[in-house]
Number of protein chains: 2
Amino acid sequence: MATKSRSIGRETPRIGGTFVHFSVANEIGQRIVRGDYPPGTILPNEAEWSEMFGVGRSVVREAIKMLMAKNLLASRPKIGSWVEPRERWNLLDREVLTWYAASPERHTFLKTVQEFRYIIEPEAAALASQRRSESQMEAISKACHEMGTARTLSERTAADTRFHLAILRAAGNELLLPLGALIDSALEGLFVFVTREVNDIRHAQDLHEDIEKSIRLQRPDAARKAVRRLLANTDAVIARQGGGGRPAPGPG
Amino acid sequence: MATKSRSIGRETPRIGGTFVHFSVANEIGQRIVRGDYPPGTILPNEAEWSEMFGVGRSVVREAIKMLMAKNLLASRPKIGSWVEPRERWNLLDREVLTWYAASPERHTFLKTVQEFRYIIEPEAAALASQRRSESQMEAISKACHEMGTARTLSERTAADTRFHLAILRAAGNELLLPLGALIDSALEGLFVFVTREVNDIRHAQDLHEDIEKSIRLQRPDAARKAVRRLLANTDAVIARQGGGGRPAPGPG
DNA sequence: TTATCAGATTTATCAGACAATATATTGACG
DNA sequence: CGTCAATATATTGTCTGATAAATCTGATAA
């Protein structure tokens, strides 16, 4: 309370394109999602934020507008800004999801997302195997191959993401792609967990190749099942090691 | 062009909680989504918007921040604001979806959404039939019954929406609910299309009751199939009358 | 007890300034 | 004539201070 957190204002002049209102939105958003201000709470007023972060009031206002666009909060004159009920939050937003993934409820989040993937991804793969173009197939195969030959973990994860996105793109539904992108980006920070032992990696790679093959051969049912196997494997890996719900590792 | 559109500024003092920056965000967002400014286009600068709408620059900036939060545009000093490529748009946002539904590509939109519902809703119903609580079941049954006894079209539509949302809530996945809410709210304006003849309504009601029954009896497979039947019916109705892609009727 | 009105508080909006930054122009030099 | 560096310029980013509007609180009056 007493200590102004000062880490956002002009003292940190300008960190690589990170504009101040982004930082402020990020900070406030994260606090809301992780539960510092439960739904219904009246937030500190603009002047207080302004002083807390050492930024101008317009910056605070712009940040708040961004959070309003995500339905995290709303405001009215004389009342102030308050946290909206959870049901209204725009959970299907990359940043909100990222904040959620970094919150204490990380574990719940992971469970929810995995279940959600069971709904989306098998169907996406099935659609992809029916509608893929040649060039889309190429992209899928390429990403799959790069997963296999990746030297570092981050390389592999990146290829994995490309693989999933390529499938979603090939599925040819404009809503599916952003949804998948959302999930992937939200899981990004948690994927470091799910691949650790070499055996896991080999097995996962086989499962990915099954998917690739099914799509290549245009077999929707096989694709569906292959994706389900991959998800089940991911579940198992998570359960094996993530049970304790331990804190996330530092970024990087 | 020459005529400043003036319909947004202070001259229209304050229409029922509609703040000016919302109107501005709405106007600009709609223009972007309907293609007035294709991706990559540099938008008019803040001063121009400000003059165009007859509002202060801060209002324009706050509106732009809201659109940035939806990834419709981005901006940098000296460049200005530009429309982001479509793939980056936050299509899974209620307002963006609404704008899309009102755009000339309405027909594409409807097709995409319907296909998407085939992915989401059957699984949601299946989950709901496994996990519903008694009180959730009550809500589902109540909404279904109210659909049957509704006197006006808008009453029926409202009950229909409640029905779908109740199922999604009962499915017990935190991501499913907003997704469904999104779809329903996006379709709201288009649902006036899909129910016109009395026979259609009777048939649709039967299909809804099949879903309700399957969930009540906790039969996931039956629920899945019942939802698919309902969707197929909706498809058929749309195809029968929406083929021409004619303009939407006025609001109300 | 209830209805009405004044005051206080907070956001909404406006206006004007300076800073930061990336493009475009211009000039110097080989 | 071509290449590179310095400068000019346009635009957003940010700050500051002021006024308007809205609504909650409490006081006052019927």
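This structure is a prediction, so every number in the text was calculated from the model and none was measured. Chain A is the first sequence line, chain B the second, and so forth, proteins listed ahead of strands; every chain is numbered from 1.
In terms of position along DNA chain D, the nucleotide closest to B:E46 lies nearer the 5' end than the nucleotide closest to the other residue of the pair A:R76 and B:E46. Each of A:S81 and B:G56 was matched to the nucleotide of DNA chain C holding its nearest heavy atom; the match closer to the 5' end belongs to A:S81.
The side-chain heavy atoms of A:H164 and A:E121, taken from C-beta on, include a pair separated by under 4.5 Å.
The stretch residues 59-74 of chain A touches DNA chain C through A:R61, A:K65, each having a heavy atom within less than 4.0 Å of the strand.
Counting any heavy atom pair closer than 4.0 Å across all strands shown, A:S58 reaches a base atom.
In the set C:dT11, C:dT13, D:dC24, the nucleotide with an atom closest to the side chain of A:N45 is C:dT11. Closest contact between the side chain of A:K78 and the listed nucleotides C:dT13, C:dA20, D:dA22 involves D:dA22. Among the nucleotides C:dT13, C:dC14, D:dT11, the one closest to the side chain of B:H21 is C:dT13.
Side-chain to base pairing of B:R57 with D:dG13: one donor and one acceptor N or O lie within less than 3.5 Å of each other.
Remark: the backbone N or O of A:D36 is not paired with any side-chain donor or acceptor of A:R31 at under 3.5 angstrom. No donor-acceptor pair closer than 3.5 Å links the side chain of B:T41 to the backbone N or O of B:L43. Between the B:R132 side chain and the B:M137 main chain, no donor and acceptor come within less than 3.5 Å of each other.
OP1 or OP2 of D:dG13 lies within a sub-4.0 Å distance of a side-chain N or O belonging to B:S75.
B:E146 has a carboxylate O that lies under 4.0 Å from a charged side-chain N of B:K142, or vice versa, which qualifies the two as a salt bridge.
Rounding to whole angstrom units, CD1 of residue B:I42 and P of C:dA22 are separated by 14 Å. Look at CD on A:E48: it is 12 Å from C1' on C:dT9, rounded to the nearest Å. For the pair B:I79 CD1 and D:dA10 C1', the interatomic distance rounds to 10 Å; values are reported in whole Å. The CZ atom of B:F19 sits 8 Å away from the P atom of D:dA22 (whole-angstrom rounding).
For the residue pair A:N71 / A:E84, no side-chain donor-acceptor distance below 3.5 Å is found, with atom types taken as modelled.
Within the structure, salt bridge (Lys or Arg N to Asp or Glu O under 4.0 Å) pairs that include any residue of residues 168-178 of chain B comprise A:R86-B:E174 (at least two apart or interchain).
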Pairing of DNA chain D as dot-bracket, 5' to 3': ( ) intra-strand, [ ] crossing, | other strand, . unpaired, with Watson-Crick or G-U pairs under 3.5 Å?
||||||||||||||||||||||||||||||
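B:R94 and B:A181 get closest at one heavy-atom pair: NH2-CB, 4.3 Å.
A:R76 CZ: 12 or fewer foreign heavy atoms inside a 6.0 Å radius.
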